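What follows is one structure encoded as structure tokens, with my remarks underneath.
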Amino acid sequence: MKAFVIQKALVVFPGVKNPVQKDVLVEDGIIRQIADSINVPKGVETLDASGKILLPGLCDPHVHLREPGREDSETIQSGSEAAIAGGYTQILAMPNTDPPIDTGGMVTYVQSMAQQRSRIPVSVAGCLTRGRQGDKLAEIADMAAQGAVMMTDCNHALQDEYVLRRALEYTKHFDVVVGVYPDTPALSGEGVMHEGKVSFQLGLQGIPAMAEEIAIERELRVARAVGGRIHIQNVSTGEGVASIRRFKSEGLDVTAETTPHHLLLNHHHLEGYHTRFKMMPPLRTEEDQAALLKGVKDGTLDMIATGHAPHTDFEKNFDFAHAPFGVTGLETALPALYTNLIKTGKLSWSELIKAMSEASRTLLKLDSISFAEGVAFEAILFDPTASNTISRETFQSRSFNSPWLGETLNGKVVQVFMGSDTLL
Amino acid sequence: MSLSETVEVRKDLLTIDALSREEIIQILDTAQPFKELFTRSVKKVPTLRGKTVLNLFYEPSTRTRTSFEIAAKRLSADVTNFAVSTSSVVKGESILDTIDTLQAMQVDYMIVRHPASGVPEYIARNTHAAVINAGDGHHAHPTQALLDAFTFREVYPNMERKRIVVAGDILHSRVARSVFQVMNLLGVEIATFGPATLVPDTVPSYVTRLSSFEEVLEFDPHVLYLLRLQLERQKANFFPSMREYHNLYGVTIERFKLLRERGTWIMHPGPVNRGVELVDDVMTYSRCLINQQVENGIATRMAVLYHLTPEEQKRLPLPAEIRS
């Protein structure tokens, strides 16, 4: 029997705005007691967590693990270790691998690789269309039967609304969610950053906000007309948030996510042409940032997902126009959000765990993590006073394309508990 | 501390907006004696003797490259041309690999032309050499803007409150962006004239947007600056035809008469598309400054090379066997 007491932790309970100081007794991976103060039984270890935050393990519903195909930038092992270092105990692997995850067999393959190489559970998403080509539906039922929880073509747009319509209709029998990336390729074209004053000044081709706004509006209208479960990925525009809010208020069953980057950064960060800020959708304006935060707080945007997209130095060292889109996020999300939003009082801890654990677990058809007696212990301990300088040496990820590279953030994940195992 | 010690030493010229008004005037003032040199039988000074200047062109441009080459040679520098095709870059060698190679060759000045915005800045961060942006994507072409300011100043020694209209494809023009900045810093009032598809509302707030030739006449510019129109823009639906573009936004025969009556000066960064931006007659007009711009380009680029200071190179140690 393995038992320990975490003493004086500031525990974040769902729905309770501020953390509450508690002692937690864990025995064989199960919470046996939570109380203001616990008398430590003989032979039971103690862990002083004074001043540290105890919160449910985080869950990221948008991670590119790159395996199989691009193991030079990330693997299931390195990506899941990056997740643990960032406080995640559950992730959803995106299907844009090479070959893509577009058959039941590929779903099984990635799941079995994850079982061998990842210390946390990895859920798998399958492609909506064969080879992510946007035209012919992939074998959705077969992938769902093997356990795929979401069908998405990632950042490849569907050929047209007809394909989306059939996909939403077809998936209704299989309890899977259709993930869509909101973009209108005819408008985003060859653009590489948000279209506006900064793109003009930098002489870079712009991606207008309307490319996303129109897509969200179009996708939600199709979903309202034919039913099915739709999830909007990577929302970056304030108008996009407004559309989702309106459709939700009319009763549409839709979920949506944004990213830590879009909440915390904007197009001005591209002024030095640093490719570590190049992502799709692009960083938008200060007004969009404010609207996204409002969306997270009022629940319009259900979750914050990192969209963790590792790329090698070689690729990211291309000129800005040719470097690939995408940034990593697993290891920086929590400290970046803590530093910029929680510490400044703009977001509460309970709002954070709702967006980074509860809602994303629900999307993945998993129970929320609760802190109650008799429940399996799946939690992380975050030290808000730790100084956290983001450097190449600190990453578990194989890639370093983080917008926070070189920055010093506040706070660090110091322990990750998964049942009776201590992962960090 | 003497005044000269307080003047910041500049390594690179990447954009105009990195410069102050005083620094721009200093460069233009330096270009003046260099230009006077051209009338002598020996057009050369020893200023950069023993220095290596490298033309690193990722995009073909005979005019600009030659202008820099002559400028560097008139300063007695050794000049090498290094042409790279971007397709091979994307496939194999990264820009950084190329720069590391050139760095090892102890180049003092790199003149960089690249089809993608931001590359000269990226190169400048990664080399000891002084980097001059010779045009990057749609972003900046600072030496063009400086030579344009020099040319403008020859005609109007006091540029304050003079007026310029920059006509054509602003959206895709690095020349326009840099010309706006230099003219604004020197007190010139700026307007643009071109199809609404090519003059976005994201232009700097100090630029007036004109929508008809009548408005151009009303603005009454001292200089009409015509931009070269890339012919492929028509395919992307920025305007329906060359004919319509010329009739609406070009200098037609009729419009040329009106401009000549007013004595409006004409500038163009070259090469011109005859029958698109302007009609043939403009080329022989006494107030057409296109050839002066080319000549002034050499003097201005000499002044820029003179103005910049490469960082101290960190020499690699000699192998032990050949060390004395």
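Fair warning: this is a prediction, and the values are worked out from it, not measured in the lab. Chain identifiers are assigned alphabetically (A, B, ...) following the order of the sequence lines, protein sequences preceding nucleic acid strands; residue numbering begins at 1 within each chain.
Distance alone, capped at 3.5 Å, is enough to place a donor-acceptor pair between the Asp12(B) side chain and the Val131(B) backbone.
Heavy-atom distances place no part of Ile123(B) under 4.5 Å from chain A, backbone and side chain included. For chain B, the nearby part of Gln201(A) is the backbone; its heavy atoms alone come within less than 4.5 Å.
When only modelled atom types and interatomic distance are considered, Ser73(A) and Thr312(A) share no side-chain donor-acceptor pair under 3.5 Å. Remark: the Arg174(B) side chain and the His139(B) side chain contain no N/O donor-acceptor pair separated by less than 3.5 Å.
Under the 30°/60° scheme for interplanar angles, the aromatic rings of Phe180(B) and Tyr206(B) are found to stand perpendicular.
Interface with chain A: from residues 196-205 of chain B, residues Pro200(B), Asp201(B), Thr202(B), Val203(B), Pro204(B) qualify, criterion being any non-hydrogen pair under 4.5 Å.
Between Glu74(A) and Arg398(A) there is no salt bridge, since no side-chain nitrogen of the basic residue lies less than 4.0 Å from a carboxylate oxygen of the acidic one.
Most heavy-atom pairs under 4.5 Å with chain B, from the set Gly272(A), Ala321(A), Ser199(A): that is Gly272(A).
Across Thr208(B), Val207(B), Val179(B), a single residue satisfies side chain to side chain contact (heavy atoms under 4.5 Å, CB included) together with Ile190(B), and that is Val207(B).
In this structure, Arg177(B) forms a cation-pi arrangement with Phe200(A), its terminal cationic atom sitting closer than 6.0 Å to the ring centre and no more than 45° off the ring axis.
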